[in-house]
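Remember, it's 1-based here, ligands and their atoms both numbered in the order they're listed. For the numbers below, each heavy atom of this structure counts, side chains included, while hydrogens, waters and symmetry mates do not. Every value quoted in this text rests on a predicted model; they were computed, and no experiment measured them.
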Amino acid sequence: YKSREIERRSLDVDGLKRSFLEWLVYSVGKDARAATRRDWFHTVALAVRDRVVDRWMDTTRSYYHEDAKRVYYLSLEFLIGRLLTNSLSNLGIINECRQALDRLGLSMDDVADSEPDAALGNGGLGRLAACFLDSMASQGLPGYGYGIRYEFGLFEQRFEHGWQVEYPEQWLQFGNPWEFARPEVLYPVQFYGRVEEFRDSVGERAYRWVDADRVLAMAYDTPVVGYGGDTINTLRLWSARATRDFNFGHFNDGAYMKAVEQKILSENLSRVLYPNDATETGKELRFKQEYFFTSASLQDILRRYLQHHTSFDNLPNKAAIQLNDTHPAIGIAELMRLLVDQHALRWDAAWEITRATFAYTNHTLLPEALEAWPVRMVERVLPRHMQIIYEINAKFLNRSKARGTGDNAKLSRLSLIDERGDRRVRMGNLAFLGSHKVNGVSALHTDLMKQTVFADFHEEFPDRINNKTNGITPRRWLKQANPALSELITSRIGEGWISDLEQIGALKEKADDLVFREEFRRAKRKNKKRLAAYIARQTGDEVQVDSIFDVQVKRMHEYKRQLLNVLHTVALYNEMRDNPTVSWVPVTKIFAGKAAPSYHMAKLIIKLINDVAKVVNHDPSVHDNLKVVYLPNYNVTAAEIIIPAADISEQISTAGMEASGTGNMKLALNGALTIGTLDGANVEIREHVGPDNIFIFGMTADEVNDLRASGGFNPREVIASNPSLKRALDMISTGVFSPDDRNRYHPILQALTDGGDHFLVTADFADYCRAQDAAMELYRDSEEWTRKAILNTASMGWFSSDRTVNEYAKEIWDVHPVKPVHEG
Ligand SMILES: CCc1ccc([C@H](C)CC(=O)N[C@@H]2O[C@H](CO)[C@@H](O)[C@H](O)[C@H]2O)cc1
């Protein structure tokens with residue numbers, strides 16, 4: 001047994017090879033000759049798991065042994081992507097694995113390519129959660145992730161005649177080798193029913209929640225391998241199970257569908273991820289999903305705590321619960337219910353414990369993204385929680401009044417209940433009130449939180465709001481996605497940067513090193529070739545590697561202004577056609593990103609970009625000077641191919657509307673120069689890379705506010721005074737890009753003119769073109785371009801999510817690294 005066990009842990013090429021063959025036969029049940037790429041992927045994944053499980057148990061055992069304070073990251077989304085390369089790289093055996101597969105006549109890239117993305121998120125918020133998991137494990141912090149194990153992740157995007165069409169994303173179709181089912185970790189979660197009042201043993205008023213429907217939450221655990229493989233943390237995802245899979249009564253009456261109805265309905269709770277990225281759906285099932293995973297997670301957290309503790313007084317010193325936006329904010333009422341109703345704590349004691357345990361991160365100021373659930377629905381779905389929310393609200397408003405807040409308008413803004421129209425529960429206010437710390441995700445965003453959505457709360461609780469500027473994990477977004485550049489960096493400064501990205505600053509002095517510049521260009525070129533091949537496979541477009549790869553990859557949303565980019569593309573197209581003799585710097589405009597299925601304007605802009613691409617890419621008069629590509633199905637894996645190949649990073653949101661952005665950090669770290677507004681983290685990126693190494697344009701957030709407040713902005717005037725903008729808009733409105741439907745883009749023109757151009761596309765157009773021209777001009781001087789690109793890479797150390805989670809750990813969670821004791 002001992003030798004077999006050691007065999008399963010061996011990290012050398014032969015040991016791995018033997019394990020692969022063993023797993024293939026005994027677990028996957030395939031003969032090497034008959035095995036498919038997917039079989040080999042499962043085989044390798046299972047063999048890697050072997051090398052993880054022992055340390056995983058050691059890590060968890062150490063947390064118990066030290067009764068360490070843990071941080072619990074509650075998120076409805078974890079945009080993980082693939083795990084094979086990440087796990088192998090963090091274990092430090094990626095080369096050994098590549099060699100072992102090689103000896104079996106297999107290509108590591110092919111095997112890795114057959115892993116589906118775990119697309120359990122929409123965009124920024126979900127990916128940030130995944131980067132935080134990697135950083136907490138890599139920093140040795142006892143961090144657990146809690147979320148939902150969606151059967152269907154974010155939809156697969158395909159283009160049919162240039163239109164986005166959604167297809168179900170069945171990532172679990174062939175099983176998921178990374179997860180461990182935990183049928184013994186099962187919690188009941190209730191919905192509906194009613195509340196009964198009674199007198200408890202000491203005659204105090206007490207409440208019980210009765211006649212409720214029950215669903216079971218079952219856990220699936222995925223190991224989170226930290227860099228170096230020392231700490232292996234846990235991501236626990238909940239799957240919904242019916243309390244009774246089969247109702248024989250109905251079956252015997254021949255009501256076969258009814259017999260399994262409850263099962264299907266229950267399991268709908270973890271069926272699919274809602275694909276909305278910044279627009280509240282208001283759907284009851286979404287609200288139930290939020291409560292389902294939050295309740296199961298809190299029950300699990302209290303069970304773990306009670307293994308070492310009898311009273312709850314110490315809970316805030318043993319558990320820090322982070323709310324990833326308002327999606328798990330119902331957790332505040334749920335913890336109150338568990339502490340008061342189930343563990344008979346006094347209200348005030350329970351409230352103090354709750355507030356000291358929770359913290360809340362806000363990720364958006366967009367009004368339409370702030371969750372506010374109808375009181376009538378909350379009352380019906382969670383009757384006891386609505387009571388608790390009313391009590392929290394009453395106590396809070398009385399406190400405010402007692403402290404002298406007499407202004408009724410302010411009190412109604414502070415209230416957890418929006419009394420206007422159909423009364424709604426403001427989840428942002430509940431999250432703020434029930435947390436001891438509230439943070440924004442970039443310096444500008446945090447300031448705007450204090451000035452806008454939480455201005456009244458900031459006055460009531462002046463030291464609660466703090467800033468935690470986002471970050472990205474350098475493991476996935478540089479070491480793994482860009483081996484060419486990583487090896488070059490390591491060859492100069494060693495590999496310390498991988499776990500301490502600030503060390504990358506040492507490259508600044510290489511910016512003037514001609515040899516290093518040449519090697520830097522070579523790495524970029526290699527990545528551009530790889531992307532060009534990927535584009536050819538995906539869309540059939542042939543792109544020039546020498547052209548500027550001008551990249552805008554993110555969810556499709558009007559505030560992110562992909563429309564501004566395509567209007568510039570049309571203007572550039574016209575300029576190139578007007579001046580065929582000019583030696584143009586060739587440009588390849590690369591777009592990628594999904595639109596929420598019900599977001600019609602966003603889908604229309606996707607169609608416009610595809611229509612413009614069709615015309616431009618087939619116009620011999622601009623031949624290869626301009627190409628437009630829209631890559632379908634943007635996800636984590638696509639990002640890992642696109643980002644290392646980018647020359648220009650488009651971060652052009654209307655100032656004040658992008659909370660932070662994280663793609664901006666990934667692109668700059670991989671040596672792209674940013675064209676951007678002073679929005680979100682762009683402001684801090686400029687501070688770190690230096691104003692000469694970034695192309696800033698457009699109005700600032702204050703200028704945007706002033707312009708809005710002035711009411712004096714007239715887009716028609718701006719259009720009339722800018723010939724290239726007018727010409728571009730005229731071409732779009734007259735059907736030059738949509739001869740099959742000349743009025744197709746009427747809604748876009750409408751929004752830009754009579755609609756008031758809310759996102760100020762026309763207002764920023766001229767300055768955007770100026771910045772674009774400056775970038776294209778600079779690109780002619782490849783030495784200077786490379787120097788600035790190197791300075792960007794070298795200046796992104798601070799934007800590591802290791803720095804971010806360490807700030808959370810010190811200033812919000814008060815948790816400390818635990819060094820796992822590895823037995824044997
Ligand atoms: C209710 C529907 C819904 C779903 C998701 C969201 C997210 C908060 C949207 C989101 O992903 N926000 C992005 O979060 C990133 C991580 O902090 C930031 O970098 C982005 O700027 C922000 O748009 C809002 C509303």
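Considering only heavy atoms from C-beta on, Trp171 stays 4.5 Å or farther from Glu151 through its side chain. Contact of the Asn362 side chain with the Leu370 side chain is registered, since non-hydrogen atoms from C-beta on lie closer than 4.5 Å. Thr674 has its side chain out of reach of Ile696: every pair of non-hydrogen atoms, C-beta onward, lies at least 4.5 Å apart.
Regarding atom 2 (C) of ligand 1, its nearest protein heavy-atom neighbour is Thr279 O, 3.5 Å. Among all protein heavy atoms, the one lying closest to atom 20 (C) of ligand 1 is Glu658 OE2, 3.3 Å. Among protein heavy atoms, the minimum distance from atom 12 (N) of ligand 1 is reached at His363 O, 3.6 Å. Ranking the protein heavy atoms by distance from atom 18 (C) of ligand 1 puts Gly661 N, 3.7 Å first. Of all protein heavy atoms, the one closest to atom 11 (O) of ligand 1 is Leu125 N, 3.0 Å.
Both the sub-6.0 Å distance and the 45° axial angle are satisfied by Arg149 relative to the ring of Tyr220. Figure legend: cation-pi geometry between Lys594 and Phe155, with NZ or CZ positioned under 6.0 Å from the six-membered ring centre and within 45° of its axis. Judged by a 6.0 Å distance limit and a 45° cone about the ring axis, Arg158 is positioned over the six-membered ring of Tyr167.
Under 4.0 Å from ligand 1, the heavy atoms of Val441 that appear belong solely to its side chain. Within the 4.0 Å heavy-atom criterion, the part of Arg286 lying near ligand 1 is the side chain and not the backbone. Contacts of His327 with ligand 1, taken as heavy-atom pairs under 4.0 Å, involve the side chain alone. Contact annotation for Asp277 and ligand 1: heavy atoms of both the backbone and the side chain come within less than 4.0 Å of the ligand.
Below 3.5 Å of separation, one finds no N or O of Lys560 facing any N or O of ligand 1. In terms of N/O distances under 3.5 Å, ligand 1 is not approached by Asn276.
Checking each of Phe191, Trp373, Tyr192, Trp238 against Tyr291 for a ring pair (Phe, Tyr, Trp, His ring centres under 6.0 Å) leaves exactly one that passes, namely Phe191.
Looking only at atom types and distance, the side chain of Asn439 has a donor-acceptor partner in the side chain of Thr361 under 3.5 Å away. A donor and an acceptor atom, one from each side chain of Asn482 and Asn670, are located under 3.5 Å apart.
Which parts of ligand 1 touch Ala659 is read off a 4.0 Å heavy-atom cut-off, strictly below it: atoms 21 (O). Less than 4.0 angstrom separates some heavy atom of Tyr559 from each of these atoms of ligand 1: 23 (O). Under a 4.0 Å criterion applied to the non-hydrogen atoms of Asn470, ligand 1 contributes the atoms 16 (C), 17 (O), 18 (C), 19 (O).
To the nearest 0.5 angstrom, Leu154 atom CG is 9.5 Å from Glu166 atom CD.
Between Asp325 and ligand 1 there is a heavy-atom distance shorter than 4.0 Å.
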